[in-house]
Participant: 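Quick one: the structure is below, and I'll ask about it shortly.
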Amino acid sequence: MSMQGEEIGRREFLRRASRGCAALVAGGAVPVQPAVPLRIGLVAAGPSATRGVTLGVEEAARTGTLFGRAIELVTGTAESLAGRRGLAALVGGSGEGPARAASALAERAGVLFINAGSPADALRGCGRNTFHVEASAAMYAAAASGGRAVLWHPSLERFGAAQLNDRFRARFAAGMDGPAWAGWMAVKVLWEAALRARSTQPAALRAYLVRGDTRFDGHKGWPLSFRAWDRQLRQPLYRLDAAGKVAGEVPARGAGGGASSGELLDRLGAGPSASTCRGGTR
Amino acid sequence: MKRYALLAALLAFPASAQRPLLFVSNEGSRNVTMVDATTRNVLATIPVGERPRGIQASPDGRRVYVALSDDRPNVQSGRDAIAVIDVATRRVVARYAGGTDPEQFAVSPDGSRLYVSNEDAGTASATNLRTGRTIATLVVGIEPEGVGMSPEGRWVYVTAETSNTVSVIDTRTNRVAASFLVDVRPRAVAFSRDGRRAYVTNEISGTLSIIDVARHEVIGTVEMERGEGKPVGVAVSADGSRVYVANGGASTVSVVDPGAQRVVARIRVGRRPWGISLSADGRWLYTANGLSNDVSIADTRTLRVVGSIRVGQRPWGVAVTR
């Protein structure tokens, strides 16, 4: 299915994606062209993010068995990975420097970079292939209001959070923290893009991620999506009290009157007129 | 006088076969409320010990199946079970292993087989209800949730919340025959009575997927409540012309015309409706409202709520006997 140069509605898109996958399995036939694995390179990720990426890849592989599709995680330096044949995306980027380097390499190589580790505002809006599942510093600042805000917390329970936290704990004997969630989510958005777009080509994945009606479930109870202007994932954050316990969700649920959840989430961080990219390619 | 005559009739015949009854699973108070659907009087409150959620009546109306889980969602214990309530004696008379944290399930039309989703294990299991033995455990998507069986008993659809998938179990072979993608975070599944269509609610995208069962293929996706309604429960009218969806986040029921693939009406019900059921004649629609601790009754002709019944704490599901 061509994703570019062909305007199809979301429903038609879902219908086609569904038909393709069902036919593949129901028929039991080998596809005409063997499905190319989704190949992801892990770069500059700390131990927690690496665990999150690992869980994401394992879960994707499991879903892949239902559809005859595969995922591969490769490791190495950003330089060696970006140029690797068949690579669809780099994932990781702990800290502004490594994230900026990975972004630049991805843009040059024509692959995606999913930033799962740097909140630096100066990276937001840089490069058309660079997406951010880590929240921006502006989002954290808006959510914290004097205290501290996090992307995820091992004590979260609602909206399937307990199930995700339990899967992570069962796998690694550790609680899932913000960086771990970001790593897991980075793989999830790429994998869903590959399944829905029925492609592992970076251009097709990007087209799916930036579609105005694409939605993701991050087990946060809100429909999550990427902002068109800086490819930042719209998402709520969790405010912690002095003891480090979750004291609230920002934005507060149902606080927006008639606002859609997307409009509410856009009140966190930089708006459409304020791309904050500095020192990178817009 | 009339009331005494009714009472005499109730005492003279087994309640199950005579009058339609509602059974409501109350997650918070750990019991099941039994209601006379005609008079709307509560007849009994049946303690079940654990947290009850998914609930269904057998086709003959003599038994009610209810999924029970303990307080530790991802640990399997002897307290996680599918329990059977005998309608005549209003007691739990049997329990079957339900895997960890059983929530939704399907029972075959002849009452011989049970299919349950095991959320934590990422599997669905089939149990022979005559022997109590597990006869198959199948890998489905991640976080399997909704389970629905086609009316003739051939197909079981299992939704999986994290992988956005539906796995199709062929009950003749007890194998996964197909899998397909639906919208984001699929929850419940219901079939039309003629078995030609299935409907899946998608909580995070706020949509209903319309599925052609012959091809196991999504043929339409309908958005409800601007995609913000957090739909869960779904029920189909007997003639298949209307699909009713409980929007937990919007406290409404969306009435969908599946042929036109659009929402044709909206019914305001109690707070956080979750489970939803229709009376056998299709006239009455019931929603279990988790936050208002009641069941709303809507008239499907006028599409208006005509009453509500106070039940236990945090009602989850509602089943109707014929």
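Throughout, a chain's letter reflects where its sequence line sits, starting with A, and its residues are numbered from 1.
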Participant: Checking B:Glu161 against chain A: side chain, backbone, both or neither under 4.5 Å from a heavy atom?
Facilitator: backbone
Participant: Does atom CD (B:Glu152) have a neighbourhood of more than 12 heavy atoms from anything else shown, all under 6.0 Å?
Facilitator: yes
Participant: Within the 4.5 Å heavy-atom criterion, are B:Asn164 and A:Arg196 side-chain neighbours or not?
Facilitator: yes
Participant: Take B:Phe180 and A:Leu66 through the test side-chain contact (heavy atoms from CB on, under 4.5 Å) and record every step on the way to the result.
Facilitator: CA-CA 8 Å; B:Phe180 57 91; A:Leu66 301 176; over 6 Å; no
Participant: Taking side chain as C-beta onward, heavy atoms only, is B:Ile204 less than 4.5 Å from A:Phe159?
Facilitator: no
Participant: Quick one: list whatever passes side-chain hydrogen bond (donor to acceptor under 3.5 Å, both in side chains) with A:Asn115, sequence neighbours left out.
Facilitator: A:His132
Participant: Do side-chain atoms of A:Gln163 reach the backbone of B:Glu119 as a donor and acceptor pair under 3.5 angstrom?
Facilitator: no
Participant: May I ask you to decide if A:Phe216's main-chain N or O and B:Arg185's side chain share a donor-acceptor pair within less than 3.5 Å?
Facilitator: no
Participant: How many angstroms lie between atom CH2 of A:Trp191 and atom OG of B:Ser163, to the nearest 0.5 angstrom?
Facilitator: 11.0 Å
Participant: Taking non-hydrogen atoms and a cut-off under 4.5 angstrom, which of residues 141-149 of chain B neighbour chain A?
Facilitator: B:Gly141, B:Ile142, B:Glu143
Participant: Are there over 12 heavy-atom neighbours, none belonging to B:Arg154, within less than 6.0 Å of that residue's CZ?
Facilitator: yes
Participant: Can you sort out the partners of A:Lys220 under salt bridge (charged side-chain N to carboxylate O under 4.0 Å, His left out), two or more places apart, ordered by chain and number?
Facilitator: none
Participant: By a 4.5 Å heavy-atom criterion (distance strictly below it), what part of B:Val139 contacts chain A: side chain, backbone, both, or neither?
Facilitator: both
Participant: Could you check whether any side-chain heavy atom of A:Pro223 comes within less than 4.5 Å of a side-chain heavy atom of B:Val184, counting everything from C-beta outward?
Facilitator: no
Participant: Please check if the side chain of B:Lys230 supplies one atom and the backbone of A:Gly221 the other of a donor-acceptor pair under 3.5 Å.
Facilitator: yes
Participant: Quick check: closest heavy atoms across B:Thr162 and A:Arg167, and the distance to 0.1 Å?
Facilitator: OG1-NH2, 3.6 Å
Participant: Salt bridge (charged side-chain N to carboxylate O under 4.0 Å, His left out) with A:Arg169: which residues, sequence neighbours excluded?
Facilitator: A:Asp166
